[in-house]
Amino acid sequence: MNQAKPRVYVINGPNLNMLGKREPAVYGFLGLEEINRQLALAAKGLGLEIFFSQSNHEGVILDRIHEIFEENPAGIIINPGALTHTSVALRDALLLLSCPIVEVHLSNIYKREPFRHNSMLADIATGQLTGFGHYGYHMALNAIHQLLQIPV
Ligand code: DQA
């Protein structure tokens with residue numbers, strides 16, 4: 001029998017399409033496409049189905065979360081970019097979901113300007129990974145895999 005794989009969704013917010021070009025000293029030299037390519041390989045190895053989205057528009061991200069709500073998600077990995085610090089609407093949308101939610105930041109937001117120290121998601125996310133560069137997405141994927149207790 002062909003059993004459906006658990007579905008993990010990776011959501012990236014504003015300006016993250018510019019990774020690789022954008023402040024590389026802060027965010028690293030890898031582009032989002034390459035990060036996602038590596039994540040897709042890792043997900044395959046873990047037996048997870050993975051879906052990627054990125055938008056520079058808050059409403060588009062909210063609409064995507066509403067769609068994901070209908071798709072039986074097993075886990076969410078989200079780097080909301082600057083929306084982390086401002087968006088009550090994003091927080092409210094994520095509250096729809098009952099699966100693990102991992103908040104990822106490439107940079108360590110707590111080492112940066114004070115306005116980045118506050119995350120609207122920190123207390124509703126399952127956990128937060130901040131400061132590990134693109135490896136944070138892999139840590140998040142592994143964390144979700146562990147939480148799902150899939151035998152390897
Ligand atoms: C970020 C940190 C945010 O403060 C910033 O606005 C971003 C990227 C990170 O990945 O380190 O766009 O989420």
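For the numbers below, each heavy atom of this structure counts, side chains included, while hydrogens, waters and symmetry mates do not. Counting starts at 1 for both ligands and their atoms, in listed order. In this text the structure is predicted, and so the values were computed from the model without any measurement.
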### Query
Which class fits the ring pair His138 and His134: parallel under 30°, tilted 30 to 60°, perpendicular over 60°?
perpendicular
### Task
Mark the output for Asn15 as yes if a heavy-atom distance to ligand 1 is under 4.0 Å, and as no if none is.
no
### Query
Taking N or O atoms only and a 3.5 Å limit, does Ala82 qualify as a polar contact for ligand 1?
yes
### Task
Pick one of side chain, backbone, both or neither for how Met18 approaches ligand 1, counting any non-hydrogen atom pair under 4.0 Å.
neither
### CD/Glu34: more than 12 non-hydrogen atoms of other groups inside 6.0 Å
yes
### Message
For a side chain to side chain donor-acceptor pair (under 3.5 Å) check, start with the C-alpha distance between Arg64 and Ser55, then their side-chain angles and the critical distance, and finish with the verdict.
### Response
CA-CA 10 Å; Arg64 184 69 190 121; Ser55 178; over 6 Å; no
### Task
Give the residue, atom name and distance (to 0.1 Å) of the protein heavy atom nearest atom 9 (C) of ligand 1.
Leu106 N, 3.4 Å
### Task
Please write down residue, atom name and distance for the protein heavy atom closest to atom 5 (C) of ligand 1.
Arg116 NH1, 3.3 Å
### Query
What class does the angle between the rings of Tyr9 and Phe51 fall in, given that below 30° is parallel, 30 to 60° is tilted and above 60° is perpendicular?
parallel
### Within-shell test, Glu23 vs ligand 1, heavy atom, strictly < 4.0 Å
no
### Query
Is there a side chain to side chain donor-acceptor pair (under 3.5 Å) between Asn72 and Glu70 once you walk through the steps?
CA-CA 6 Å; Asn72 190 26; Glu70 306 291 351; over 6 Å; no
## Note on the structure
Scanning both residues in full, the closest heavy-atom pair of Leu16 with Leu106 reads CD2-CD1, 4.0 Å
### Derivation of the side chain to side chain donor-acceptor pair (under 3.5 Å) call for Glu103 and Thr84
CA-CA 9 Å; Glu103 178 184 345; Thr84 306; 4.7 Å; no
### Task
Considering only non-hydrogen protein atoms, determine which one is nearest to atom 1 (C) of ligand 1 and report residue, atom name and distance to 0.1 Å.
His105 ND1, 3.7 Å
### Query
Nearest protein heavy-atom contact for atom 11 (O) of ligand 1: which residue, which atom, what distance?
Ser107 OG, 2.6 Å
### Task
Would you mind checking which non-hydrogen protein atom is closest to atom 4 (O) of ligand 1, with the distance to 0.1 Å?
His85 NE2, 2.7 Å
